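The structure under discussion appears below in the form of structure tokens.
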Amino acid sequence: MPAHAPVFPNLERVLIDQAAIAARVGQLGRQIASDLQQELGRDADAALVASQIVLIPILTGSIVFVADLIRQIPMMMSLRVVAVSSYPGTSMVSKGAKIRGELPADLAGRHVLIVDDILDTGRTLGLVRSMIAEQRPASLRVCVLLRKALPRPGQDWEPEYVGFDIPDEFVVGYGLDFDGYYRNYPEIATLIPGMGGTQGR
Ligand code: IMP
Ligand code: MG
């Protein structure tokens with residue numbers, strides 16, 4: 001039975017529980033820190049490290065994940081959030097992506113890590129990634145908590161860091177929403193079909 005079932009209606013089953021999320025986020029943080037440290041050189045001084053590392057969380061789905069992830073990366077860094085809207089699909093089927101507001105413009109020569117909740121069609125991350133790549137950062141990587149098992153024809157890249165590979169089902173919790181709700185549900189769960197559940201994606 002999903003935790004808090006009476007409070008969060010229409011949950012079907014838990015795919016990933018809180019303990020599994022926490023353990024994996026810890027592993028991802030250690031891996032990312034070690035890769036960045038290697039790239040910067042073990043002896044890089046603190047001021048250099050601080051100015052070089054930029055995390056770019058994509059709003060709104062990544063907020064819970066990124067809050068936990070950054071506390072598992074013990075390095076100086078800055079955060080620059082980017083908002084992306086999906087349009088003009090329904091709440092469950094993304095038809096495209098558009099950046100809202102400005103992208104950070106000073107990423108040349110920096111080590112950039114884009115963080116998002118989920119790789120679904122890949123449109124959102126594909127767009128942000130290609131626009132950031134144009135600025136010629138020193139390194140550019142992508143970290144997602146979840147990657148759905150589905151074909152992404154034409155996508156010529158994969159995230160460097162993936163928390164969990166999941167089936168092609170609609171999921172909520174730990175930042176992921178259905179119609180704006182469930183983001184604060186603490187684990188990853190599916191919804192009952194017909195209640196925002198799987199059919200039609
Ligand atoms: P894209 O299709 O890869 O561009 O994903 C677009 C956005 O849709 C993601 O960043 C999520 O915010 C949202 N999304 C995709 N799949 C799901 C899901 O299963 N549950 C909740 N949100 C999702
Ligand atoms: Mg999102």
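Computed from a predicted structure; not experimentally measured. As the structure lists them, so they are numbered: ligands from 1, and atoms in each ligand from 1.
- Every atom of ligand 1 is numbered from 1 in the order shown, and the set under 4.0 Å from a heavy atom of D177 is 21 (C), 22 (N).
- Residues E39 and R141 are paired through a salt bridge, judged by an N-O separation under 4.0 Å between the basic side chain and the carboxylate.
- Applying the 4.0 Å criterion to heavy atoms of T124 picks out, from ligand 1, the atoms 1 (P), 4 (O), 5 (O), 6 (C).
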Exercise for the section: Give the intermediate values and the outcome of salt bridge (charged side-chain N to carboxylate O under 4.0 Å, His left out) for residues R80 and D106. Expected result: CA-CA 11 Å; R80 311 288 289 277; D106 53 355; 3.3 Å; yes

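- Neither the backbone nor the side chain of V172 comes within 4.0 Å of ligand 1, counting heavy atoms alone.
- Close N/O approach between G122 and ligand 1 is found [any backbone or side-chain N/O within under 3.5 Å].
- In K148, the part holding a heavy atom less than 4.0 Å from any atom of ligand 1 is the side chain.
- Closest heavy-atom contact between R24 and V162: NH2-O, 2.9 Å.
- The shortest N or O to N or O distance between G61 and ligand 1 is not below 3.5 Å.
- The parts of V171 lying near ligand 1 are both backbone and side chain, judged by heavy-atom distances below 4.0 Å.
- Residue-ligand proximity, R123 to ligand 1, at heavy-atom distances under 4.0 Å covers atoms 3 (O), 4 (O).
- Contact annotation: for L125 versus ligand 1, there are no heavy atoms closer than 4.0 Å.
- Of the charged side-chain nitrogens involved, none lies within less than 4.0 Å of a carboxylate oxygen, so that E169 and K148 do not count as a salt-bridged pair.
- The salt bridge (Lys or Arg N to Asp or Glu O under 4.0 Å) analysis of residues 56-76, with sequence neighbours excluded, yields the pairs D68-R71.
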